[in-house]
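Here is how names work: the chains are called A, B, and so on, in the same order as the sequence lines, proteins then strands, and each is numbered from 1. If you're wondering where the values come from, they're calculated on a predicted model, not measured in any experiment.
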Amino acid sequence: MTRALPVTREENFPEWYLAVVRDADMAETSAVRGCMVIKPWGWGIWELIQADLDRRIKETGHENCYFPLFIPLHFLAKEAEHVEGFAKEMAVVTHHRLKSIDGVLQVDPEAELEEPLVVRPTSETIIGDTFQRWVQSYRDLPLLINQWANVVRWEMRTRMFLRTTEFLWQEGHTAHADAGEAMEETLRMLEVYRQFCEDVLAMPVIAGEKPENERFPGAVSTYSVEAMMQDGKALQAGTSHYLGTHFAEAQNIRYQTADSQVAFCHTTSWGVSTRLIGGVIMTHGDDDGLRLPPAIAPRQVVIVPMLRDKPEDAVVLDYCEGLRAELVAQSGAFGPVRVLVDKKPLKSADKRWNWVRRGAPIIIEVGPRDVAGGNVTYMRRDRLRDGDKVISNNSSRTAFVAGIVALLAEIQASLFGEAKARFDGNIRTDLTSFDDIAAYFGPSTDDETDSFKGWVRAAWCKPGGEALERAVERLKSLKLTIRNAPLGQTGPFGACVFTGAAGVEHILIGRAY
RNA sequence: CGGGGUGUAGCUCAGCCUGGUAGAGCGCUAGCUUUGGGAGCUAGAAGCCGGAGGUUCGAAUCCUCUCGCCCCGACCA
């Protein structure tokens, strides 16, 4: 049983994940603790994610801006809950100069800033400060802004793509005249994320509201899209917050209404990050490496010429180039087909497996026999093997070119279908008491290689305050968390799994990243 | 910040107990063979053994201090 990775998902899921990141050439650790170098293949995926999502953000009326990396310390002090939420994980700039002292380069003690600057963990405060100047009248509303940026959160434990000290994201920030509009915006962007995850990343998610204890610091309500990884754990793939007037009051974002009253704006914020790439890996990856949905594959078709350092090579290369030209002229839902002829002076078998690990949706191998017959011999990354044997598909060149757009769409759909079946098949709805849940998930262990459990969908009475804390503590003893309360629920609901009282809605419970 | 582990070639690690001045596999480079599939053989390049101090004729190895990284816990997109 030979696979392209040194470790299988079954053997050790966390190690498998790291092996994919490394062997698919996506990213590597850097000299800076917790920060990663995103390599061309990983970056190419991110660029495609950005391009598609950026279009969706603009289509819903938003404009891009850029705000500073540094935030004056006193900005954060304004919203109490917000500070408390982030205080423990901030990078702080206190000096502006270095100096060589006794031949050692060090921070110049005389160059201390009057007020420290924090490196943004998120930009609510500095954007709020700007909005306060931009918003004067109801005619300025709604204000719909987005930015693509890096942010820093000084995390104790990091994991490539899933949780890094510095990460990349987009953060949308909007200001509205009233609660209704702001809530509509919050849910609109949540729906944009849901569609994006499913249609582009081929990653099924459930959109819902986070329980009180999982809210964004300073938010009135927080919503998320939650994806299920292949080890059964949940990944929060995107969030959208209704901030009420909390930030507006803290930062004086006010406007004059049509009848000359002064009112506070209702604001929202929403974001997705490079974490999505981690979600793609753990949704679609297999024991041969990454499998990329064509929509975000930097190269959808890779042509590997079988070169032998002989004169015949020229004919093979010509054929490859001709095929490439015909393929890139095809265009479908994902734009013009992205094709690479891999001419690197490596053995063709090595190149093939490199592209298998990277997850290129279609890998074509061209030898003299294909050239002579006008054929295309290719592998589909979504259906690579039959048992241990690699499946080799054959087609005439003309038929292959004519069918490439449909084939890519089929691969996109098949990856989604596979993930969706696993997702739907692993949400238990028949566990109606906490004891059932405890028995199902078993005792808490430190071993991350626990068997696949998926999630539980159960009714609860939506307690708040201390009652919620007690429920959360009980779940915590099983390493479980409440992921969200799915939107669009209809009753009736059974008894609350925590208290036995009448349930008011369903929540999703599972282990999480 | 608590508990555990670990730093030796690009990577994974052996050597350390019982001090004598550095090894393997993979990768890399070159040559030859092989050629519808993750090949074989031969030769070669590559490490002041995390850092500082000490013991010693002599330290990767023993002692002291220090730094980094990994795993587990508290925190999180």
Side-chain angles (χ1 to χ4, degrees), chain A residues 2-7 12 14-15 18-19 22-23 28-34 84-90 121-122 149-159 161-171 193 210 213-217 222-227 234-241 269-279 288-289 304-310 312-313 316 345-357 363-373 375 377-379 384 388-390 392 394 444-449 476 479 481 512-513:
Chain A
T2 307
R3 302 290 165 179
L5 294 181
V7 58
N12 187 330
E15 264 185 43
L18 289 171
R22 184 185 65 238
D23 290 352
E28 60 187 39
T29 53
S30 72
V32 185
R33 175 201 166 95
E84 205 188 317
F86 286 107
K88 283 167 283 184
E89 47 184 45
M90 304 252 229
T122 177
N150 56 341
V151 288
V152 167
R153 296 182 188 174
W154 216 259
E155 301 288 352
M156 300 307 259
R157 295 183 54 206
T158 59
R159 267 181 131 152
F161 289 113
L162 295 176
R163 179 169 302 108
T164 45
T165 300
E166 178 189 21
F167 59 96
L168 305 175
W169 75 350
Q170 56 70 218
E171 47 179 326
Y193 290 155
K210 284 288 199 185
N213 62 307
E214 302 260 351
R215 261 179 216 149
F216 176 74
T222 287
Y223 297 82
S224 70
V225 285
E226 301 281 334
L235 183 78
Q236 182 171 315
T239 52
S240 188
H241 315 290
S269 69
W270 28 273
V272 299
S273 71
T274 33
R275 169 178 263 199
L276 288 176
I277 295 175
D288 290 304
V304 176
M306 301 196 301
L307 304 175
R308 307 220 170 113
D309 283 326
K310 300 206 167 133
E312 303 89 274
D313 286 357
V316 172
L346 295 173
K347 282 172 288 193
S348 56
D350 287 345
K351 288 194 277 190
R352 172 220 278 210
W353 288 103
N354 285 342
W355 290 110
V356 166
R357 278 185 284 265
I363 301 164
I364 300 174
E365 291 179 311
V366 175
R369 204 178 297 167
D370 298 303
V371 176
N375 285 323
T377 305
Y378 65 96
M379 284 166 286
L384 185 68
D388 281 352
K389 206 167 141 259
V390 172
S392 186
N394 265 285
S444 167
T445 67
D446 291 339
D447 186 2
E448 292 215 52
T449 58
K476 199 171 170 185
K479 291 197 151 194
T481 54
Y513 277 94

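Among the heavy atoms of the strands lying under 4.0 Å from A:E155 is at least one base atom, whether or not backbone atoms are also near. Residue-level contact check: A:S269 touches neither bases nor backbone, having no heavy atom under 4.0 Å from any strand. Residue A:R357 is in base contact, counting any heavy-atom pair closer than 4.0 Å across all strands shown. Within the 4.0 angstrom heavy-atom criterion, no nucleotide atom of any strand lies near A:A237.
Nucleotide B:A24 is matched to B:U12 when pairs are restricted to Watson-Crick or G-U wobble geometry with both distances under 3.5 angstrom. Pairing for B:A39 is with B:U33, a Watson-Crick or G-U wobble pair whose two hydrogen-bonding atom distances lie under 3.5 Å. Of the nucleotides present, B:C1 is the one that pairs with B:G73 by Watson-Crick or G-U wobble criteria, both distances under 3.5 Å. Applying the Watson-Crick and G-U wobble criteria (two distances, each under 3.5 Å), B:C48 pairs with nothing in any strand.
The distance between atom CD of A:E89 and atom P of B:C1, rounded to the nearest whole Å, is 17 Å. The nearest whole Å value for the distance from the CG atom in A:D23 to the C1' atom in B:C26 is 13 Å. Distance, A:N354 CG to B:G27 P: 12 Å, rounded to whole Å. Computed from coordinates, the A:N213 CG to B:C75 P distance equals 11 Å when rounded to whole Å. Atom CD in A:E214 sits roughly 12 Å away from atom C1' in B:C75 (whole-Å rounding). Across the protein-nucleic acid pair, A:R308 atom CZ and B:U33 atom P stand 15 Å apart, rounded to whole Å. Residue A:L235 contributes atom CG, which lies 8 Å from atom C1' of B:A77 at whole-angstrom precision.
The side chain of A:R163 approaches B:C76 more closely than any other nucleotide in the set B:C76, B:G38, B:A77. Of all nucleotides listed (B:G38, B:G36, B:C71), B:C71 comes nearest to the side chain of A:R157. Distances were taken from every side-chain heavy atom of A:K476 (C-beta onward) to each of B:A74, B:A77, B:C76; the shortest belongs to B:A74.
At a cut-off of 3.5 angstrom, the base of B:G36 holds at least one donor-acceptor pair with the side chain of A:R369.
Aromatic ring pairs are classed by plane angle as parallel below 30°, tilted from 30° to 60° and perpendicular above 60°; the pair A:Y193 and A:W270 is perpendicular.
A close approach under 4.0 Å does occur between a side-chain nitrogen or oxygen of A:K479 and OP1 or OP2 of B:G73. The phosphate of B:G38 has neither OP1 nor OP2 within less than 4.0 Å of any side-chain N or O from A:K347.
Salt bridge absent: A:E28 and A:R22 never bring a charged side-chain N and a carboxylate O closer than 4.0 Å.
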